[in-house]
Amino acid sequence: MSSDSDESFSELREAVRSLCSTFSAEYWRRLDEERAYPEEFVRALTRAGWLSALIPEEYGGSGLGITEASVILEEVNRSGGNSGACHAQMYIMGTLLRHGSPEQKQRYLPAIASGALRLQSFAVTEPTTGSDTTRLKTTAVRRGDRYVVNGQKVWTSRVQHSDLMLLLARTTPITEIKKKSHGLSVFLVDLRTTGSKSVTLRPIRNMPNHETNELFIDNLEVPAENLIGEEGRGFSYILDGMNAERILIAAECVGDGRWFLKKASAYARERVVFDRPIGQNQGVQFPIARAYVNVEAADLMRFKAASLFDRGASCGAQANMSKLLAADASWEAANVCLQTHGGFGFAHEYDVERKFRETRLYQIAPISTNLILAYIAEHVLGLPRSY
Ligand SMILES: Cc1cc2nc3c(=O)[nH]c(=O)nc-3n(C[C@H](O)[C@H](O)[C@H](O)COP(=O)(O)OP(=O)(O)OC[C@H]3O[C@@H](n4cnc5c(N)ncnc54)[C@H](O)[C@@H]3O)c2cc1C
């Protein structure tokens with residue numbers, strides 16, 4: 001199957017497009033205005049089975065690869081929607097699938113696949129340590145058959161619309177570890193049973209319409225059976241899932257880029273100023289053409305990374321490069337689209353400024369552009385670590 005062209009996976013694309021077409025631009029615009037969560041859309045995507053694409057068939061999912069999963073999210077963003085409301089279910093689930101015990105998988109995966117449970121939330125980032133994840137300070141201390149968690153997280157997204165949350169916490173004090181990536185553990189927290197006293201939320205109003213929060217964790221008790229894999233190895237488990245995350249976000253950016261370029265080209269053809277379509281001017285059409293070239297190039301790297309991932313080959317460099325190229329390309333396309341629309345680009349009803357805010361996020365989250373460049377410099381080019 002050809003995997004590097006826009007026409008690939010046409011049946012899958014058509015099916016996702018058809019679902020997305022029932023959620024109009026007005027739907028997304030209204031949610032943006034109300035700062036509301038796309039509950040109806042996420043339900044429909046779950047019911048259709050698209051969010052469980054990566055769950056193996058034996059657990060009720062469709063057992064597809066990251067390539068197909070990336071096409072699903074690309075189509076959501078390309079239709080004018082925003083996968084950020086639910087994409088994490090796809091990549092968080094990988095940690096449970098790869099490192100969870102048979103009991104944990106049996107208990108949670110079929111319920112996640114059917115939509116009975118949502119695993120949408122991933123609590124890693126902390127306010128005082130940011131990108132320096134291995135220094136995180138939230139602690140989980142074993143007391144008999146449970147761990148007691150204390151600390152603070154920030155930017156924990158979708159927690160208000162999730163039943164389960166994956167949490168990274170320190171189980172060995174930083175002074176007692178030999179390697180800085182040791183001593184962190186991953187827990188599956190059942191948010192339905194945590195009391196409101198042990199986890200306090202403070203929603204963060206932010207640039208896109210993204211449900212994200214600060215979490216204050218105070219003596220949260222997590223049953224020891226909810227530890228995923230071995231104690232102290234959590235950071236490596238999380239890293240395992242990051243390549244999937246990078247590839248999926250890259251595909252969303254490709255989808256955004258294609259939405260912006262379609263919108264920019266249509267407007268440039270239709271808008272007449274000085275008795276000619278503005279798109280007849282090279283100053284208008286060349287930036288659109290250049291942005292198109294960059295989105296197409298980023299898409300190639302996204303499919304290359306996805307194909308390596310699906311073959312089980314090492315893909316850290318390609319996954320990171322695809323995220324960087326696609327985030328840059330979608331951001332360029334967003335700027336070009338806004339510029340092409342002149343003043344109307346700023347009007348809410350054109351949706352350009354909304355998508356512009358949404359795609360800007362991917363220069364920073366889930367990993368900032370600088371940190372990707374640092375990875376490539378150090379791990380691919382053999383340059384000295386810069387930080
Ligand atoms: C809307 C939103 C949703 C998010 N959702 C989640 C979520 O669900 N779960 C979660 O855990 N996190 C989430 N995040 C957090 C996100 O992953 C972090 O914002 C991101 O990793 C960057 O960390 P930081 O914000 O602390 O920036 P910092 O680490 O403080 O970095 C600030 C700036 O300095 C640069 N910088 C830092 N160190 C270096 C260096 N050594 N060399 C060069 N440049 C450097 C960075 O590139 C960045 O531009 C979300 C963030 C946002 C904005």
Side-chain angles (χ1 to χ4, degrees), residues 1 3 9 11-13 15-16 19-20 38-39 41-77 83-123 157-159 161-167 186-192 225-229 234 237-252 305-312 315 319 366:
M1 191 184 304
S3 60
F9 303 99
E11 272 181 39
L12 176 61
R13 286 182 191 278
V16 180
L19 184 149
C20 292
E39 185 62 44
F41 173 74
V42 175
R43 266 203 215 133
L45 209 59
T46 308
R47 247 195 329 266
W50 299 125
L51 281 186
S52 54
L54 292 170
I55 299 181
E57 284 174 293
E58 60 177 306
Y59 296 112
S62 37
L64 296 171
I66 203 84
T67 307
E68 289 86 352
S70 79
V71 169
I72 294 167
L73 297 186
E74 178 199 331
E75 287 299 328
V76 170
N77 281 36
S83 303
C86 52
H87 55 192
Q89 178 132 322
M90 283 190 177
Y91 49 77
I92 298 176
M93 182 279 307
T95 304
L96 174 60
L97 184 63
R98 276 187 299 274
H99 305 289
S101 65
E103 295 74 35
Q104 286 170 336
K105 288 194 261 193
Q106 202 52 59
R107 189 157 157 214
Y108 293 109
L109 288 177
I112 294 170
S114 74
L117 282 182
R118 277 191 192 160
L119 170 58
Q120 293 278 18
S121 203
F122 193 28
S157 301
R158 300 162 297 269
V159 75
H161 295 89
S162 193
D163 301 300
L164 305 167
M165 175 176 82
L166 218 58
L167 170 83
V186 179
F187 299 91
L188 194 61
V189 177
D190 192 333
L191 295 162
R192 297 166 305 168
E225 65 195 32
N226 285 26
L227 169 74
I228 300 214
Y237 301 160
I238 295 283
L239 278 185
D240 272 2
M242 285 184 174
N243 290 333
E245 182 184 64
R246 311 263 193 273
I247 297 166
L248 293 173
I249 301 276
E252 290 174 41
S307 138
L308 288 168
F309 186 99
D310 283 336
R311 276 188 271 140
C315 66

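Side-chain contact between Val16 and Val76 is present, with at least one heavy-atom pair separated by less than 4.5 Å. Leu119 places a side-chain heavy atom less than 4.5 Å from the side chain of Leu188. Counting only heavy atoms from C-beta outward, the side chains of Ile228 and Leu166 approach each other to under 4.5 Å. With contacts defined as side-chain heavy-atom distances shorter than 4.5 Å, the pair Tyr108/Asn226 qualifies. Counting heavy atoms from C-beta outward, Leu97 and Leu109 have side chains that approach closer than 4.5 Å. Side-chain contact between Leu164 and Val189 is absent, with no heavy-atom pair separated by less than 4.5 Å. Taking the side chain as every heavy atom from C-beta outward, Gln120 and Cys86 approach each other to under 4.5 Å. Contact annotation: the side chain of His87 approaches that of Arg158 to within less than 4.5 Å [non-hydrogen atoms, C-beta and beyond].
Of the inter-residue distances, the one linking Thr46 atom OG1 with Ile112 atom CD1 reads 11.0 Å to the nearest 0.5 angstrom. Atom CG of residue Asn243 and atom CD1 of residue Ile66 lie 9.5 Å apart, to the nearest 0.5 angstrom. Here the straight-line distance linking atom CZ of Arg43 with atom CG of Leu45 works out to 13.0 Å at 0.5 Å rounding. Rounded to the nearest 0.5 angstrom, Leu117 CG and Leu191 CG are separated by 10.5 Å. In this structure, CD1 on Ile238 lies 8.5 Å from CD1 on Ile92, to the nearest 0.5 angstrom. Atom CE of Met93 and atom CD1 of Ile55 lie 5.0 Å apart (nearest 0.5 Å).
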- Query: Between Leu12 and Glu75, is a side-chain contact (heavy atoms from CB on, under 4.5 Å) present by the stated rule, with each step listed?
  - Reply: CA-CA 9 Å; Leu12 176 61; Glu75 287 299 328; over 6 Å; no
- Item | Arg13 and Glu74: CA distance, side-chain angles, deciding distance, side-chain contact (heavy atoms from CB on, under 4.5 Å) verdict | CA-CA 9 Å; Arg13 286 182 191 278; Glu74 178 199 331; 3.1 Å; yes
- Task: Evaluate the side-chain contact (heavy atoms from CB on, under 4.5 Å) criterion for residues Tyr59 and Gln106: first the C-alpha distance (whole Å), next the side-chain angles of each, then the deciding distance (0.1 Å), finally the verdict.
- Result: CA-CA 7 Å; Tyr59 296 112; Gln106 202 52 59; 3.6 Å; yes
- Task: List the steps and the verdict of side-chain contact (heavy atoms from CB on, under 4.5 Å) for Leu73 and Trp50.
- Result: CA-CA 9 Å; Leu73 297 186; Trp50 299 125; over 6 Å; no
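Between the side chain of Gln104 and the backbone N or O of His99 there is no donor-acceptor pair closer than 3.5 Å. Using a distance-only test at 3.5 Å, with no hydrogens or angles considered, no donor-acceptor pair links the side chain of Ser70 to the main chain of Leu248. Listed for the Ser114 side chain is a donor-acceptor partner under 3.5 Å among the backbone atoms of Ala116. Here the side chain of Asn77 pairs a donor or acceptor atom with the backbone of Ser83 at under 3.5 angstrom.
Shown here for Ile247 and Ala319, the closest heavy-atom pair between the two residues is CG1-CB, 3.9 Å. Scanning both residues, Ala44 and Leu19, for their nearest heavy atoms gives O-CD1, 3.6 Å. When every heavy atom of Arg98 is checked against every heavy atom of Gly241, the shortest pair comes out as NH2-CA, 3.4 Å. Shown here for Phe41 and Cys20, the closest heavy-atom pair between the two residues is CE1-SG, 4.2 Å. Pairing each heavy atom of Ser162 with each of Arg118, the nearest pair is OG-O, 3.1 Å. Ala53 and Ser62 get closest at one heavy-atom pair: CA-OG, 3.3 Å.
Contacts of Asp310 classified as side chain to side chain donor-acceptor pair (under 3.5 Å), with partners at least two apart in sequence or in another chain: Thr67.
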